[in-house]
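This report refers to the structure that appears directly beneath it.
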Amino acid sequence: AQKITQTQPGMFVQEKEAVTLDCTYDTSDPSYGLFWYKQPSSGEMIFLIYQGSYDQQNATEGRYSLNFQKARKSANLVISASQLGDSAMYFCAMREMNTGNQFYFGTGTSLTVIP
Amino acid sequence: DVKVTQSSRYLVKRTGEKVFLECVQDMDHENMFWYRQDPGLGLRLIYFSYDVKMKEKGDIPEGYSVSREKKERFSLILESASTNQTSMYLCASSLRAGRAGELFFGEGSRLTVL
């Protein structure tokens, strides 16, 4: 079974609008971390936001927030007030804290911001 | 400023050549990883290392080997490059298992095998 699933290969959003990128995960480890990365066309992977499985509140970092629904095993990224520079690939990832060293990645979502 | 540095951004090699991709991190991280990224497939783990001289196979180790002689350096080796190894290669590092923290990436090495 896939550890991380991103079902949206491509998304479009109007500049200044909000957009939600979906991510679901699968784990039996009660302690885990969820991550979102941005990859612009230059290729570098930029860390955006982190959510721990025991965190009570949804993580926020500037215009990025993580909609964490533990029972549904979903960790959607919300980008508010989209900017042209937000056009990039976005990857969701998970690390199981007790069971190993690996980070599991989804296949990514390509976001295009339309002026 | 913490850094993961990959030796080459772009490489062009011929089929059958031996290829070395070098990665150095300055964060004293225990774990280091090599990923391959192809369109539509996301990031696939080739090998990772959790300590000096230790290595574990990831999802797609065939055709690759790795070396970790020092904590800060993790090398990916293609013994005999083939055209299907044309890809973007990403090196990353993190703290060891059980310790929170994200994965830090290098800038990537885009390899073309002719």
Side-chain angles (χ1 to χ4, degrees), chain A residues 1-10 21 23-25 27 29-55 59 61 64 66 75 88-110, chain B residues 1-6 8-11 23 27 29-51 54-61 68 74 87-111:
Chain A
Q2 291 287 336
K3 290 280 190 181
I4 294 286
T5 302
Q6 293 180 255
T7 57
Q8 306 156 312
L21 306 183
C23 173
T24 57
Y25 60 91
T27 181
D29 190 338
S31 179
Y32 53 90
L34 297 159
F35 307 81
W36 277 93
Y37 286 85
K38 171 184 178 182
Q39 187 181 42
S41 56
S42 57
E44 65 201 285
M45 293 284 278
I46 302 167
F47 166 69
L48 295 178
I49 196 166
Y50 167 80
Q51 179 85 42
S53 58
Y54 293 119
D55 293 343
E61 289 287 345
Y64 304 108
L66 200 153
M89 283 291 291
Y90 288 82
F91 291 95
C92 179
M94 176 181 68
R95 185 184 194 184
E96 296 165 322
M97 301 305 251
N98 292 322
T99 53
N101 289 294
Q102 288 195 43
F103 288 73
Y104 300 96
F105 283 83
T107 51
T109 296
S110 177
Chain B
D1 203 16
V2 294
K3 267 188 108 64
V4 179
T5 304
Q6 293 184 229
S8 304
R9 290 295 304 273
Y10 301 95
L11 302 96
C23 177
M27 293 166 282
H29 282 169
E30 293 87 358
N31 294 345
M32 296 189 74
F33 304 81
W34 275 105
Y35 291 91
R36 172 176 171 161
Q37 184 181 9
D38 300 288
L41 298 178
L43 276 71
R44 294 181 291 168
L45 182 64
I46 303 171
Y47 269 97
F48 71 97
S49 168
Y50 53 89
D51 203 349
M54 305 302 290
K55 61 185 178 184
E56 287 202 23
K57 294 180 180 179
D59 302 316
I60 51 164
R68 193 164 181 203
F74 192 37
S87 188
M88 168 72 99
Y89 291 88
L90 292 166
C91 176
S93 71
S94 77
L95 291 166
R96 60 174 170 78
R99 297 189 62 186
E102 71 266 31
L103 202 53
F104 291 85
F105 284 89
E107 293 182 313
S109 298
R110 192 169 290 281
L111 172 66

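Order of the sequence lines fixes the chain letters, A, B, ..., with proteins taken first and strands second; residue numbering starts at 1 for each chain. Values reported hereafter were calculated over all heavy atoms of this structure, with side chains retained and with hydrogens, waters and symmetry mates removed.
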Between L45(B) and chain A, with a heavy-atom cut-off of 4.5 Å, which part of the residue counts as in contact: side chain, backbone, both or neither?
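Side chain only.
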Heavy-atom proximity to chain A below 4.5 Å, by part of R110(B)
neither
For E56(B), check side chain to side chain contact (heavy atoms under 4.5 Å, CB included) against everything at least two apart and list the hits.
F48(B), Y50(B)
Side chain, backbone, both or neither: which part of Q102(A) has a non-hydrogen atom closer than 4.5 Å to chain B?
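Answer is both: backbone and side chain atoms of Q102(A) are under 4.5 Å from chain B.
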Could you tell me which portion of S42(A) (side chain, backbone, both or neither) has an atom closer than 4.5 angstrom to a non-hydrogen atom of chain B?
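Contact with chain B: backbone only.
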Backbone of M32(B) reached by a side-chain donor or acceptor of S93(B) within 3.5 Å
no
For the residue pair I4(A) and C92(A), what are the closest heavy atoms and their distance?
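Looking at all heavy atoms of both residues, the closest pair is CG2-O, 3.6 Å.
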Tell me the salt bridge (Lys or Arg N to Asp or Glu O under 4.0 Å) pairs involving residues 31-42 of chain B, sequence neighbours left out?
R36(B)-D38(B), D38(B)-R44(B)
Angle between ring planes, F105(B) versus F105(A), binned at 30° and 60°: parallel, tilted or perpendicular?
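Taking F105(A) first and then F105(B), their aromatic rings stand perpendicular (interplane angle over 60°).
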Against chain B, work out which of F91(A), Y104(A), F35(A), F47(A) has the most heavy-atom pairs shorter than 4.5 Å and name it.
F47(A)
